Protein chains: 2
Amino acid sequence: MQSDTAKEGGTFIERARRAQIVAAASETIAAEGFARASLTRIAARAQISKGVIFYHFGSKDELVRAVVVETYTGAGTEIAKAVEAAPDHGARLAAYIRGNLVFLADHRTEVQVLNEIFTSFRGEDGRLAYDESQLESVVAPLEAVLRAGQEAGELRAFDRRVMARTIRAAIDAVTPQLNLQPDLDVGAYADELVDTFTRATCA
Amino acid sequence: MQSDTAKEGGTFIERARRAQIVAAASETIAAEGFARASLTRIAARAQISKGVIFYHFGSKDELVRAVVVETYTGAGTEIAKAVEAAPDHGARLAAYIRGNLVFLADHRTEVQVLNEIFTSFRGEDGRLAYDESQLESVVAPLEAVLRAGQEAGELRAFDRRVMARTIRAAIDAVTPQLNLQPDLDVGAYADELVDTFTRATCA
DNA sequence: TAGGTTATTGACCATGCAGTCAGACACGGC
DNA sequence: GCCGTGTCTGACTGCATGGTCAATAACCTA
């Protein structure tokens, strides 16, 4: 039997194995892409029998979701901290952008794994398991920053939804470039984006 | 035997079948996603035997590439026309953005198919067949527009590469939204983007 | 209408997949 | 030493996949 949220459930071995399998799955996805990350390959990387995965996780679906939770936890708070430390709303937007790019640069593998899962992981019905509608939670905090800035009169009037999507898209576009060109100057890239969106949003 | 570029090669039946199979493949990808678009399903949709696909195309790989070529041809010129009709460089950028969004709205299915292929189609090595490095040709014309604008003094100094990527990302982000919310007001969305990037780029 | 080319079928193959399971191992309490 | 529970293995099933192929149908020309 395995625990649901796994924070404290299960025996010592239970938790250790789950962590090991999740790590192996993450590594396999990063190294070979989601499409090639079969349970056979994941088990091989972890140097365990394939059956043990089914002992600790009910299905491949459950494993993948565990990888997402594991990888996602902590990312949001890290960026939120940077944003909240900023004084005015213009600076908050800048902090948001910079916080995101720094996170991308520091956690490229994890971000790549999440990207693989989000764009390839499909349910039985063939639809993406993590589609646009569920990514609402990613855009929402950014929209909140924009709204606050507008209400304070520091940012001009614009469609917050469109602007938030645009900024998110600009940030998300960095990952594949970083993947292709690992020595990309993320700081300079951030400066450009901050400049661009400051001009685009300020009153 | 089948032709390579297929414009005029082969018999009448040859060309008709190829077109039919490409169409069926495109429909299947649009309806069920790339991952589920197996040759069996494609053949079923076209109401032909699976073997006939291998008679006209050497492999699934070749079929998919034919879909890309088929779908891609014409898109570039359509947008280029709109861009070249614009007077000054600021207007050119606006025309580029509007041209792209109009194209997205008018050809959602085709764009969705391309998107499916670009994000899921992998070679034997497990790497994306159409990755970031091969999408250079998409960003290049936009960079040219930006460069011309800067040299004419109409656009401020900025990193053209970053700006081009950002604009492309903003445009590409529309597709999944359109998919999720088919009645999205693309005209208004285009206005917002034009406003945003005009402010961001003008001298 | 005969004969050769072109086009098509459906059965077949090897492979890889997610998932199952009977049995074996480890190990602590009795 | 033995038992029971928790853990693990490796062989197995059933299925879908991309791809092959011999037989055959459709077609065109002579």
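Values reported hereafter were calculated over all heavy atoms of this structure, with side chains retained and with hydrogens, waters and symmetry mates removed. Nothing here was measured: the structure is a model prediction, and the numbers come from that model. A, B, ... follow the sequence lines: proteins, then strands. Residue 1 opens every chain.
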So, using ring-ring contact (aromatic ring centres under 6.0 Å, His included) as the criterion, who are the partners of B:Phe197 when residues are at least two apart?
none

Which residue pairs pass the ring pair (Phe, Tyr, Trp, His ring centres under 6.0 Å) test when at least one of the two sits in residues 24-51 of chain A, sequence neighbours left out?
A:Phe34-A:Phe121

Test ring-ring contact (aromatic ring centres under 6.0 Å, His included) applied to A:Tyr96 - qualifying residues, sequence neighbours left out
none

Looking at five pairs on each end of the helix from C:dG4-D:dC27 to C:dC30-D:dG1, what is the angle between the two axes, given to 10 degrees?
20°

Could you check how far CZ of B:Phe121 sits from P of D:dG18, rounded to whole Å?
11 Å

In this structure, how many angstroms lie between the P atom of D:dG18 and the CD atom of B:Glu62, rounded?
15 Å

Examine C:dA7: is either OP1 or OP2 under 4.0 Å from a nitrogen or oxygen in the side chain of B:Tyr55? Give yes or no.
yes

Take atom CD of B:Glu32 and atom C1' of D:dA16, then tell me their distance rounded to the nearest Å.
14 Å

In whole angstroms, the gap separating P of D:dC8 from CD of A:Gln20 amounts to 9 Å

For B:Tyr130, all residues meeting ring-ring contact (aromatic ring centres under 6.0 Å, His included), sequence neighbours excluded
B:Phe118

I need the CD1-P distance between A:Ile53 and C:dC17, as an integer number of Å.
12 Å

Counting distance only, does the side-chain N/O of B:Arg199 pair as donor-acceptor with the main-chain N or O of B:Thr196 below 3.5 Å?
no

Using a cut-off of strictly less than 4.0 Å, decide whether A:His56 has a side-chain nitrogen or oxygen near OP1 or OP2 of D:dC8.
yes

Has A:Arg17 got a side-chain N or O lying under 4.0 Å from the OP1 or OP2 atom of D:dG6?
no

Listing request: all ring pair (Phe, Tyr, Trp, His ring centres under 6.0 Å) pairs with a residue in residues 159-185 of chain B, at least two apart in sequence or in separate chains.
none

Looking across every strand, which nucleic acid part, if any, lies under 4.0 Å from B:Arg36 by heavy atom: base, sugar-phosphate, or nothing?
nothing

Rounded to the nearest angstrom, tell me the gap between atom CZ in B:Arg18 and atom C1' in C:dT8.
17 Å

Write down the distance between CZ (B:Arg122) and P (D:dT17), rounded to a whole number of angstrom.
19 Å

Kindly write out the residues that satisfy salt bridge (charged side-chain N to carboxylate O under 4.0 Å, His left out) with A:Asp172, not counting sequence neighbours, or none if the list is empty.
A:Arg168

Let me have a per-nucleotide readout for nucleotides 18-23 of chain C, 5' to 3', with B, S or -, counting only protein heavy atoms under 4.0 Å.
BBB---

Taking 4.0 Å as the cut-off, does a side-chain nitrogen or oxygen of B:Arg41 come that near to OP1 or OP2 on D:dA16?
no

Separation of atom CZ in B:Phe57 from atom P in D:dG19, rounded to whole Å
13 Å

Where B:Leu104 and B:Ile171 come nearest, the two heavy atoms and their spacing
CD1-O, 3.5 Å

With sequence neighbours left out, write down each residue that passes salt bridge (charged side-chain N to carboxylate O under 4.0 Å, His left out) with B:Glu151, or none if nothing qualifies.
B:Arg147

